[in-house]
Amino acid sequence: MSGIKIRGTGRFAPAKIVTNDDLAKIVDTSDEWITTRTGIQTRHHCTTETHTDMCVGAARQALENAGISPEDIGACVGATFSSDYLSPSAACMVQRGLGLPHDAVCFDLNAACSGFLFAIHTMECLLAQAPRKYGLVLGAEILSRVMDFGDRSTCVLFGDGAGAALVEWGANYPSLHAVLGCRGNSEVLYVPGVNTAAPPHVHMDGQSVFRFAVEAVPRCAREVLDRAGLTPEDIDLFVFHQANQRIIDFAVKKLGIDPARCPGNIERTGNTSAASVPLLLDELVGGGAITSGQKALCVGFGGGLTWAGALLELA
Ligand code: ACO
């Protein structure tokens, strides 16, 4: 069996921190409503930082933490729907920013909040054929640029940031046992594209997405465990997409796991879509909560509607 392991992680958080009270000055909301309904207290918003700055910053940190040089990279896959350009891709901008080899396979994919896990599975497949065995996987979003700051039901939920993982392919490494899926739906969660006159703002029917999420997260986690032939007891940490603390609490309860094994950072990040899982992973790796040889079962869900789960192991 061949697969990938994580050799290093990195992140970039824009300097500006926006509190719930800050948002209450521009929309009819309150710290009390946001905290009790979502668990979010603060989020980061870009000011002068670009999407490219965030991606290059997070990727550079992942390379440094892994002790790998840019010339060793065989592929770079970015997960995002809010990059600086429709083209070139964020991954191409990372190629330029870090001087990755010209034959490294660099491109983006869009699976909204599930994007990082779609990207890491794609990387697992790509590296088997790539010119070198190391790959960079990025999740990055500037969601403050696709918010309608007159819509209190969405603008309080999202934040900006980027996370990166430096992965290594090995002929004897374990599979990610990835589970990916989608149920095409442009009604409950969508962002208009360039072919409409509407501004590119996130539109969301929160309750429908909530119902979808509390079913999808535990189902996806169980499917990954079944594929790997493991039980929840074999997992060191559960890393779930940080969209709403209540969704995470539901999933933890349905899976019957100790909440202490499902850490989060939503209170400080809000929902950063594709950046959410790698940002949290980097915090956990940096803080020593996940160490070499340990397994993290990661699950994402979001626009598409998409869902994704994978078993990540630290080299
Ligand atoms: N401040 C104060 N009141 C608010 C706010 C706000 N920011 N937003 C909505 N309300 C009001 C509503 O108007 C409504 O008022 P009413 O009862 O007078 O009509 C009331 O609060 C309740 O609204 P609900 O939508 O029922 O609130 P709910 O408890 O469902 O919470 C939330 C809303 C937080 C959006 C929740 O549904 C949720 O988290 N859904 C999932 C979102 C998600 O996970 N998205 C991830 C994917 S995102 C991506 O992929 C890009």
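Only this structure's heavy atoms are used, side chains among them; waters, hydrogens and symmetry mates stay out. Ligands are counted one by one from 1 in listed order, and the atoms in each one are counted from 1 as well.
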For [atom], what is the nearest protein heavy atom, given as residue, atom name and distance?
| atom | value |
| --- | --- |
| atom 35 (C) of ligand 1 | Leu157 CD1, 3.8 Å |
| atom 44 (O) of ligand 1 | Ala243 CB, 3.3 Å |
| atom 7 (N) of ligand 1 | Arg152 O, 2.9 Å |
| atom 27 (O) of ligand 1 | Arg37 NH1, 3.3 Å |
| atom 40 (N) of ligand 1 | Gly206 O, 2.9 Å |
| atom 47 (C) of ligand 1 | Leu189 CD2, 3.6 Å |
| atom 45 (N) of ligand 1 | Met204 SD, 3.4 Å |
| atom 51 (C) of ligand 1 | Cys113 SG, 3.6 Å |

Are a donor atom and an acceptor atom from the side chains of Ser82 and Glu141 found within less than 3.5 Å of each other?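 Ser82 vs Glu141: donor-acceptor pair found between side chains.
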We want to know whether Gln61 and Asn65 form a side-chain donor-acceptor pair, criterion being a heavy-atom distance below 3.5 angstrom.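 No, no side-chain donor-acceptor pair sits under 3.5 Å.
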Mind checking whether [X] has an N or O less than 3.5 Å away from an N or O of ligand 1?
| X | result |
| --- | --- |
| Phe81 | no |
| Asn244 | yes |
| Trp33 | yes |

Heavy-atom count check: over 12 atoms from other residues, nucleotides or ligands less than 6.0 Å from [X] [atom1]?
| X | atom1 | answer |
| --- | --- | --- |
| Phe250 | CZ | no |
| Lys5 | NZ | yes |
| Tyr85 | OH | no |
| Asp258 | CG | yes |

List every atom of ligand 1 that sits less than 4.0 Å from any heavy atom of [X], numbering the atoms from 1 in the order shown and giving each element.
| X | answer |
| --- | --- |
| Gly302 | 47 (C), 50 (O) |
| Phe301 | 44 (O), 46 (C) |
| Thr38 | 34 (C) |
| Gln207 | 24 (P), 26 (O), 30 (O), 37 (O) |
| Val156 | 7 (N) |

Is there a side chain to side chain contact (heavy atoms under 4.5 Å, CB included) between Phe107 and Val77 once you walk through the steps? CA-CA 5 Å; Phe107 66 97; Val77 180; 3.8 Å; yes
Part of [X] within contact of ligand 1 (heavy atoms, under 4.0 Å):
| X | result |
| --- | --- |
| Ile34 | neither |
| Thr29 | both |
| Thr154 | neither |
| Phe210 | both |

Quick one: does [atom] have a protein heavy atom under 4.0 Å from it?
| atom | answer |
| --- | --- |
| atom 49 (C) of ligand 1 | yes |
| atom 17 (O) of ligand 1 | no |
| atom 10 (N) of ligand 1 | yes |
| atom 3 (N) of ligand 1 | yes |

Do any heavy atoms of [X] fall under 4.0 Å from ligand 1?
| X | answer |
| --- | --- |
| Val209 | yes |
| Ser153 | yes |
| Ile247 | yes |

Asp234/Lys295 under side chain to side chain contact (heavy atoms under 4.5 Å, CB included): CA gap, chis, key distance, verdict: CA-CA 8 Å; Asp234 300 313; Lys295 293 184 189 67; 5.8 Å; no
Might you point out which heavy atoms bring [X] and [Y] nearest each other, and give the distance in Å?
| X | Y | value |
| --- | --- | --- |
| Ala274 | Gly115 | CB-CA, 4.5 Å |
| Pro232 | Phe238 | O-CZ, 3.9 Å |
| Gly181 | Phe118 | O-CZ, 3.9 Å |

Shared hydrophobic cluster for Met147 and Met204 (ILVMFWY, side-chain gaps under 4.5 Å):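 Same cluster: Met147 reaches Met204 through Ile, Leu, Val, Met, Phe, Trp or Tyr contacts under 4.5 Å.
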Side chain to side chain contact (heavy atoms under 4.5 Å, CB included) for Met93 and Asp84? Distances and angles first, verdict last. CA-CA 9 Å; Met93 298 308 285; Asp84 289 336; 6.0 Å; no
Sub-3.5 Å donor-acceptor pair from the side chain of His241 to the main-chain atoms of Ser276, do we have one?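 No; judged by distance alone, with no hydrogens or angles, the pair does not exist.
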Take Cys76 and Gln95, measure what side chain to side chain contact (heavy atoms under 4.5 Å, CB included) needs, and give me the verdict at the end. CA-CA 8 Å; Cys76 175; Gln95 184 281 321; over 6 Å; no
Ring-plane angle category for Trp307 and Phe212, please: parallel below 30°, perpendicular beyond 60°, tilted otherwise.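 Aromatic pair Trp307/Phe212 classed tilted.
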